[in-house]
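What follows is a set of notes on a single structure, which appears directly below.
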Amino acid sequence: MFEQLFPNVDWEKAWEKTVETLYMTGISLIWIFFIGVLLGLLLFLTSKDNLWENMIIHGFVASIVNIFRSIPFVILIVLLLPFTKIIVGTIIGKEAAIPALIIGSAPFYARMVEIGLREIDKGVIEAAQAMGAKTSTIIFKVLLPESMPAIVSGITVTAIALVGYTAIAGVIGAGGLGDYAYLDGFSRNNNDVTLFATLVILLIVFIIQFTGDYITKKIDKR
Amino acid sequence: MISVQHVKKIFPAKSEEVVAVKDVNLEIKEGEIFGIIGYSGAGKSTLIRMFNGLEMPTEGSIYIEGKDITRMKESKLRLARQEIGMIFQHFHLLWSRTVYGNIAFPLEIAGIPKKERDERVRELIQLVGLEGKENAYPSELSGGQKQRVGIARALANKPKVLLSDEATSALDPDTTDAILDLLVDINKKLGLTIILITHEMHVIKKICHRVAVMEKGKIVETGPVLEVFKHPEQPVTKRFVGQVTDAEDMKETVGRLLEKYQSGKIVKLTFVGEVAEEPIISTLIQKQLIVVNILHGNISHTRHGAYGTLFIHMDGKEEEVRNAIQFLLSRQIGVEVIEHV
Ligand SMILES: Nc1ncnc2c1ncn2[C@@H]1O[C@H](COP(=O)(O)OP(=O)(O)OP(=O)(O)O)[C@@H](O)[C@H]1O
Ligand SMILES: [Mg+2]
């Protein structure tokens, strides 16, 4: 039945492209998670009346985050081409998309982490201080666990945006389902291929959303 | 045990700096429940937060067991804090941890091994009466239960001092009494020194040995609770004592009675200690040829005895009334003739 609905889809290639999309999304997501949590913590801790209050560092990190958050993704890829070339050694293929994906999404995620951290009751942090907790203990045993639902729901939203970004990156040569839909589908006028690629992307997004929501709900004990 | 010397706290602000605490001096004895009462903004929270260095005084020192909390290095202060428990009005529990996890948290901070931790948590859960709730999350507990977790957590590292910042202010009257009973219980069992702040005289009356009254950043009056009840000197103190002795509508009632009873006298009697439990009024009626009409009465039980007030109307020959007052005075009863409201 699939063969009839999608006569021009090459199954082997479609599978390969799906794996590419998952690879780009997955690898970037891991980086984004760590960079985002780190930056989010830094933004939070250096903000006013906080443990490492420091307006200079805060202002610096905040500006970088805001600048990279505001650059449209397509332009960011192009801007980063020289940088990508140095780091990855090439500007095409799935590896080449990863620096742009990380730099494009981590600042966005960092802001979401910061917002999650801000929601923690100040009193809880103070209670930990009153117990004699070190800052590292407060970070790992209070801040991160208490904001975990926000951290998880934030990474879910980021992952979904990321799938979209991989598709854009695909169009300019990064591979993946976007590349497949554009080159094999659109350029050769095979609408069934475009449709198929879209359906796979939708399925991926749906699975991410479902899993993210499930975990968020499970860990939210408020 | 605890000595507060010339402590002052100024919060810098853009327009005008706030002097939250000015020149406070206190001596708190070991094993004592010491209450600090004051209205909102008096500086109570600021003061108590200086006892564990959450706030550092602008001037002055706070010695706990001879060590000056205000001049400690960061690492020393952290260790000192493990020996000072603190409980809060809004509990401040970690919602991501169970009751068990919340109580274990300070033990993790102190680096206690898992096995001892388990044992200690079990003891504490028993101490505060939360058996069976080990695996519940804070969101599944009532306010009173949350405060019990807060207390267990504060006691985990066997502190010598417990600081309480309005710990019962978010609770209903019955739950408040239950938590206060628990505090008295641990004070006796563990010999713990408790410093609590509150704006309710009820709390002071029920569990404190001594009280300090705070107003606009200053301690304006201090002494054993019963003494302060007997002889409140400052107007604020009188108002706080009034919280538990006078009925709300008393003034209005007295005003109406003064109009109604043109003859005779309206008298406010105060009884302290044993006399509060003697049958003074019946003796009075038997001895003097007067009519006594009881208008309003109240007895407060403090930790060091009862304190009662009674408003009566006495009518009869002027001389008889004067004799009656003499009789009451001879029985160590405070007599105040009310002429106007
Ligand atoms: N961090 C701060 N920065 C500036 N001013 C502060 C700060 N903390 C407290 N103050 C001010 O100090 C004064 C005393 O506040 P504090 O919280 O100690 O009062 P309180 O007696 O605990 O009142 P309440 O019963 O409302 O809790 C207030 O005028 C308050 O605005
Ligand atoms: Mg306060």
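These numbers come from a predicted model, not from an experiment. Chain A is the first sequence line, chain B the second, and so forth, proteins listed ahead of strands; every chain is numbered from 1.
Taking each heavy atom of B:Phe51 and B:Ile64 in turn, the nearest pair found is O-CD1, 3.3 Å. Nearest approach of B:Val128 to B:Arg148, heavy atoms of both residues: O-NH1, 2.9 Å.
Between the side chains of B:Ser3 and B:Glu27, at least one donor N or O lies within less than 3.5 Å of an accepting N or O.
For B:Leu54, the part sitting under 4.5 Å from any heavy atom of chain A is the side chain, from C-beta outward, and nothing else. For A:Ile219, the part lying under 4.5 angstrom from a heavy atom of chain B is the backbone only. Of the two parts of B:Leu93, only the backbone, made up of N, CA, C and O, holds a non-hydrogen atom closer than 4.5 Å to a non-hydrogen atom of chain A. For chain A, no part of B:Leu77 is nearby; none of its heavy atoms comes within less than 4.5 Å.
Heavy-atom proximity under 4.5 angstrom to chain B picks out A:Gln129, A:Ala130, A:Met131, A:Gly132, A:Ala133, A:Lys134, A:Thr137, A:Lys141, A:Val142, A:Pro145, A:Glu146, A:Pro149 from residues 129-153 of chain A.
Among B:Met86, B:Glu140, B:Arg49, the residue making the largest number of heavy-atom pairs under 4.5 Å with chain A is B:Arg49.
Here the CD1-CG distance, from B:Ile125 to B:Leu130, works out to 6.5 Å after rounding to the nearest 0.5 Å.
Screening B:Arg120, B:Arg153, B:Arg97, B:Lys114 for a salt bridge (Lys or Arg N to Asp or Glu O under 4.0 Å) involving B:Glu108 leaves a single residue, B:Arg97.
Checked for salt-bridge contact, A:Glu114 and A:Arg111 meet the test: a charged N lies under 4.0 Å from a carboxylate O.
Taking the six-membered ring where the residue is Trp, the centroids of A:Phe196 and A:Trp11 are separated by under 6.0 Å.
Between the B:Asn157 side chain and the B:Pro106 main chain, a donor and an acceptor come within less than 3.5 Å of each other.
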